[in-house]
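Atoms considered below: every heavy atom in the structure, side chains included; atoms not considered: hydrogens, waters and symmetry mates.
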Amino acid sequence: MPAGSSRMAPGTAAGAERERLRADARHNRERILEAAREAFSTRGLDVPMAVIARRAGVGVATLYRRFPTRESLIGEVFIEQFTECASVVDAALADPDPWRGFRTVVEKLCAAQMASRGFAAAFLAAFPDAIDFERQRIRTERGFAALTRRAQEAGRLRADFHPSDLALVLMANNGITAESPEAAAAASRRLVAYLLQAFRADRAAPAGPLPPPAPVGFHHLVPPKTARGAARA
């Protein structure tokens, strides 16, 4: 075998091994993010990192190599949703109708919250170490404050509404319990419609019909107990 060929073989094998390790690392990262997304949505942001690692099928050390802090993991899990929310606010600011823009932001944020309960907790929290995450959150807050001012100046939004009231809306929306995601989404849409009617400064004008009643009852006031097996997961 030529000398050049003998030198190429180890190099080729080493390159293939490096590529395999990179693929394994990408796969582990994706599994960690998927497990964290599910855990944050069902158990909240305080779920132990060891639980996330176990769900992802990796060791705790592997998880911490990819994400040194809980905040960095949370930021990576929800950065796409935060970017989408910031884009929703930007589009609302470009809408010539300030009330329609304001209404759209509230509706879409609450819908995103119903799709992922963990997102709401992340939105209301502060993670200064997750730079991209914080940048998008601050961008969203400032944009919503500007949208609030525009809607008030147009005489469409009541003057005593404060941008921080959005947190109250999300807290109320987060309290919805139902037997299925579809029922929870229906209840959220109806709640948001009621709230938006209360926020209007021109409430004498026709508001349009409410969304259909949601299939919820008084028994949903008490959230169902978490199954023991799920609690140990």
Side-chain angles (χ1 to χ4, degrees), residues 37 40-41 44-45 70-176 184-211:
R37 188 173 294 111
F40 291 148
S41 295
L45 301 185
R70 178 185 300 275
E71 288 75 15
S72 64
L73 178 57
I74 292 172
E76 189 67 22
V77 166
F78 293 111
I79 185 60
E80 183 177 345
Q81 287 169 292
F82 260 76
T83 302
E84 290 176 1
C85 286
S87 297
V88 167
V89 173
D90 289 343
L93 286 169
D95 193 323
D97 184 334
W99 171 253
R100 183 172 58 200
F102 175 90
R103 184 189 68 213
T104 298
V105 168
V106 173
E107 290 172 344
K108 290 194 173 183
L109 283 181
C110 287
Q113 181 182 36
M114 285 292 100
S116 174
R117 299 299 181 109
F119 168 70
F123 186 91
L124 297 172
F127 303 112
D129 294 336
I131 298 175
D132 290 340
F133 187 88
E134 279 295 289
R135 184 182 297 117
Q136 295 294 355
R137 186 172 67 85
I138 292 171
R139 174 185 164 197
T140 300
E141 289 180 348
R142 289 177 176 171
F144 184 72
L147 193 60
T148 297
R149 289 193 299 272
R150 287 184 56 205
Q152 288 170 332
E153 290 168 358
R156 304 293 302 280
L157 175 64
R158 55 188 300 161
D160 55 357
F161 181 93
H162 190 272
S164 64
D165 289 333
L166 179 60
L168 298 179
V169 173
L170 292 174
M171 289 176 188
N173 194 56
N174 195 53
I176 292 174
S188 172
R189 288 191 293 270
R190 193 165 173 89
L191 171 66
V192 170
Y194 272 123
L195 292 174
L196 287 170
Q197 287 192 15
F199 296 157
R200 292 176 56 192
D202 54 343
R203 279 176 282 170
L210 290 169

Checklist entry - Is the shortest heavy-atom distance from the side chain of L195 to the side chain of V169 under 4.5 Å? => result yes

Item to check | Verdict with reasoning, V106 to F144, per side-chain contact (heavy atoms from CB on, under 4.5 Å) | outcome: CA-CA 9 Å; V106 173; F144 184 72; 4.3 Å; yes

Item to check | Distance in Å, D165 CG paired with H162 NE2, rounded so as to fall on 0.5 Å steps | outcome: 7.5 Å

Checklist outcome for this item: Rounding to 0.5 Å, atoms CD (E141) and SG (C85) come to a distance of 11.5 Å

Next on the checklist: On a heavy-atom basis, which atom in A92 and which in V105 lie closest, and how many Å separate them?
Outcome noted: CB-CG2, 3.5 Å

Item to check | Spacing of E76 atom CD and L73 atom CG [to the nearest 0.5 Å] | outcome: 8.5 Å

Item to check | Side-chain heavy atoms of R70 within contact of L45, under 4.5 Å | outcome: no

Checklist entry - Could you give the distance from CG (L147) to OG1 (T140), rounded to the nearest 0.5 Å? => result 11.5 Å

Next on the checklist: As a test of understanding, state which of R103, R150, R156 forms a salt bridge (Lys or Arg N to Asp or Glu O under 4.0 Å) with D97.
Outcome noted: R156

Checklist entry - Could you state the interatomic distance from CZ (F78) to OG1 (T83), rounded to the nearest 0.5 Å? => result 13.0 Å

Checklist entry - With distance as the sole test, does Q113 use its side chain to make a donor-acceptor pair with the main-chain N or O of L170 at under 3.5 Å? => result yes

Checklist entry - Looking at side-chain heavy atoms only, is the closest gap between V88 and L109 below 4.5 Å? => result no

Checklist entry - Do you know which two heavy atoms are closest between P211 and A193, and how far apart they sit? => result CD-CB, 3.4 Å

Next on the checklist: Quick check against the 3.5 Å criterion: does S188 have a side-chain atom that pairs as donor or acceptor with the backbone of A184?
Outcome noted: no

Item to check | Qualifying residue, where the test is side-chain contact (heavy atoms from CB on, under 4.5 Å) with F102 and the options are D95, L93, L196 | outcome: L196

Checklist entry - Minimum heavy-atom separation for A198 to R158, with atom names? => result O-NH1, 3.2 Å

Checklist entry - Looking at E107 and V192, what are the two nearest heavy atoms and their distance? => result CG-CG1, 3.9 Å

Next on the checklist: Using every non-hydrogen atom in the two residues, find where P98 and A154 come nearest and quote the distance to one decimal.
Outcome noted: CG-CB, 3.6 Å

